[in-house]
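Here is the structure we will look at.
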Number of protein chains: 2
Amino acid sequence: MAPTTRQPAEQPHPPDDRTPPDGAVADGAVAVRGKGRPRSAAADQAILDATREALAELGWGGLTMGDVAQRAGVAKTTLYRRWPSKSELVVDAIASLFDQLECTDRGSLQADIEAVVARFAELLTLPETQAALLALFAEGSRDPQLRRRIRERIVQPQKVLVELGRANAQARGEMDPDRDPAVAAEEVGIIFDTIAGTVEHRLLVSGEPVTADWIRRFTTLLLGPFPGLLR
Amino acid sequence: MAPTTRQPAEQPHPPDDRTPPDGAVADGAVAVRGKGRPRSAAADQAILDATREALAELGWGGLTMGDVAQRAGVAKTTLYRRWPSKSELVVDAIASLFDQLECTDRGSLQADIEAVVARFAELLTLPETQAALLALFAEGSRDPQLRRRIRERIVQPQKVLVELGRANAQARGEMDPDRDPAVAAEEVGIIFDTIAGTVEHRLLVSGEPVTADWIRRFTTLLLGPFPGLLR
DNA sequence: CAGATACGCTACGACCAGTAGCGAAAGAGC
DNA sequence: GCTCTTTCGCTACTGGTCGTAGCGTATCTG
């Protein structure tokens, strides 16, 4: 806090507050209107791709900024003009993968959850996510700014999926329609942590595979009494 | 693999294959019978304590071997004579905390689970575990030896707790006694990943607290139909 | 006492994150 | 076309870390 009073006044595209990785020209997004030479959007893409590639090959610990720059055909200083640190670069590189997640309405809550779990597990078996995800979470535990970025770009989009699934189920009449919204929101939180945490733990900590059969049993556990478990 | 054929023949206490951190003299453990000057058990303890302390203060990224050595009043080289790397040292430092977990029989499966979840959550709010656990899991994803050590010293003891809880419940007649042991083992695996993963995710990723109320709701979700969730 | 081993110390090699300063390139606005 | 602004690539550098080597000394066993 208490920013030193310096107001550099010479940061056209602020070094940390990143411009969106492009693709925004036709989006109606405000596109910042810089005056000088614009940043190369191609470089952005090349850097993110190179990051994922290096991550998959070398893991979090093996990835170096110099290596990424070389793979992307770009100077190392260019990386630091766009991302404030290695961690934040990796967040962005990984986040795009999680954008592919979606919650399609398959007619029942159980089917919806099974589909999203399967897709999520698939993402977590990619070598790049496997190498990066836990390292990012760990890094974020000591860096509030990084934590915020992780939440925004990786965690929140997943949570929205659970919320969406819940809304679909409610629309289908699978759930009590008179539920107190506050309570419902809390439940979404519990279920989100349960789904994401369990799949991550099984794949990344226990190191056991997530098969269709496992998904079915886990989802059943989530939605009702585990057959034969009690009584 | 394919170890270079060198057979140093001068490793009395092998540098990686650690001697148990002591406390074993009266345990009937075989106590290795070295011939020269024995390792200082006090140093072992001092190092592990210093590691936890540094972890709590500086986090995983901030912890350095030099600093730990200084806190422990020991030369840095001594650390490396006992642990092959920073990661493995931290595993041992953290593992001792998880030894405190236990599954006391409180008369019902729900009560047992609630107790163990509460205790687990308590451990995960310690700054030292908070700083180390995810970092270790991340590190382990690229290092099989470390992964093995983590499983042995941290994950497996937790899993045993779930198994124990299940046995207690079965003894109390809360569960089907004729259950196929193979299926039962798989179920223990699912439930273990669910409990550990969910609590970790909530505390370390979502960053939300684990209250008594949350524990009750989560356990209820685990054991039966979430009240009012479906239908 | 002799042999074996652990210990502390100092120094070192290799590597990496992140920064500094420059000249050159590439757009924007006129 | 010209100027102004900003980015880009390059090279070099700082500061810090892991992990190792070599030595003399301390401590234990037989």
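By convention in this document, chain letters (A, B, ...) are assigned in the order of the sequence lines, proteins followed by strands, and residues within each chain are numbered from 1. Hydrogens, waters and symmetry mates are skipped; everything else that's a heavy atom, side chains included, is used.
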Between B:Leu89 and B:Leu48, is any pair of side-chain heavy atoms under 4.5 Å apart?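 With C-beta onward as the side chain, the pair touches.
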Would you mind reporting whether B:Val90 and B:Glu139 have side-chain heavy atoms less than 4.5 Å apart? no
Give me the atom names and distance for the closest heavy-atom approach of B:Thr194 to B:Phe218.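 The answer is O-CZ, 4.0 Å.
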State, to 0.1 Å, how close A:Arg39 and A:Arg81 come at their nearest heavy-atom pair, and which atoms those are.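 Distance-wise, the nearest heavy atoms are NH2-O, 3.0 Å.
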Rounded interatomic separation in angstrom, taking [atom1] from [X] and [atom2] from [N]:
X        : N      : atom1 : atom2 : value
A:Arg82  : D:dG9  : CZ    : C1'   : 12 Å
B:Gln70  : C:dC7  : CD    : P     : 18 Å
B:Trp60  : D:dT17 : CH2   : P     : 14 Å
B:Trp83  : D:dT20 : CH2   : P     : 15 Å
B:Arg39  : C:dA4  : CZ    : C1'   : 14 Å
B:Asp143 : D:dC18 : CG    : P     : 16 Å
A:Lys35  : D:dT3  : NZ    : P     : 17 Å

Does atom CD of A:Gln70 have more than 12 heavy-atom neighbours, drawn from other residues, nucleotides or ligands, at distances under 6.0 Å?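 It does not: A:Gln70 CD has 12 such atoms or fewer within range.
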Within this structure, what is the CD-CG distance for the pair B:Glu200 and B:Leu133, rounded to the nearest 0.5 Å?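 Reported to 0.5 Å precision, the distance equals 5.0 Å.
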Terminal axis angle for the helix from C:dC1-D:dG30 to C:dC30-D:dG1, five pairs an end, nearest 10 degrees: 30°
Letter by letter from the 5' end, nucleotides 11-24 of chain C scores (B base, S sugar-phosphate only, - none; protein heavy atoms under 4.0 Å) -----SSBBB----
Test salt bridge (charged side-chain N to carboxylate O under 4.0 Å, His left out) applied to A:Asp213 and A:Arg216, step by step: CA-CA 5 Å; A:Asp213 181 58; A:Arg216 173 161 302 267; over 6 Å; no
Side-chain atoms of residues 56-64 of chain B: list all donor-acceptor pairs with protein atoms under 3.5 Å, sequence neighbours left out, distances to 0.1 Å.
from	atom 1	to	atom 2	distance (Å)
B:Glu57	OE1	B:Arg71	NH2	2.9
B:Glu57	OE2	B:Arg71	NH1	3.3
B:Thr64	OG1	B:Asp67	N	3.1

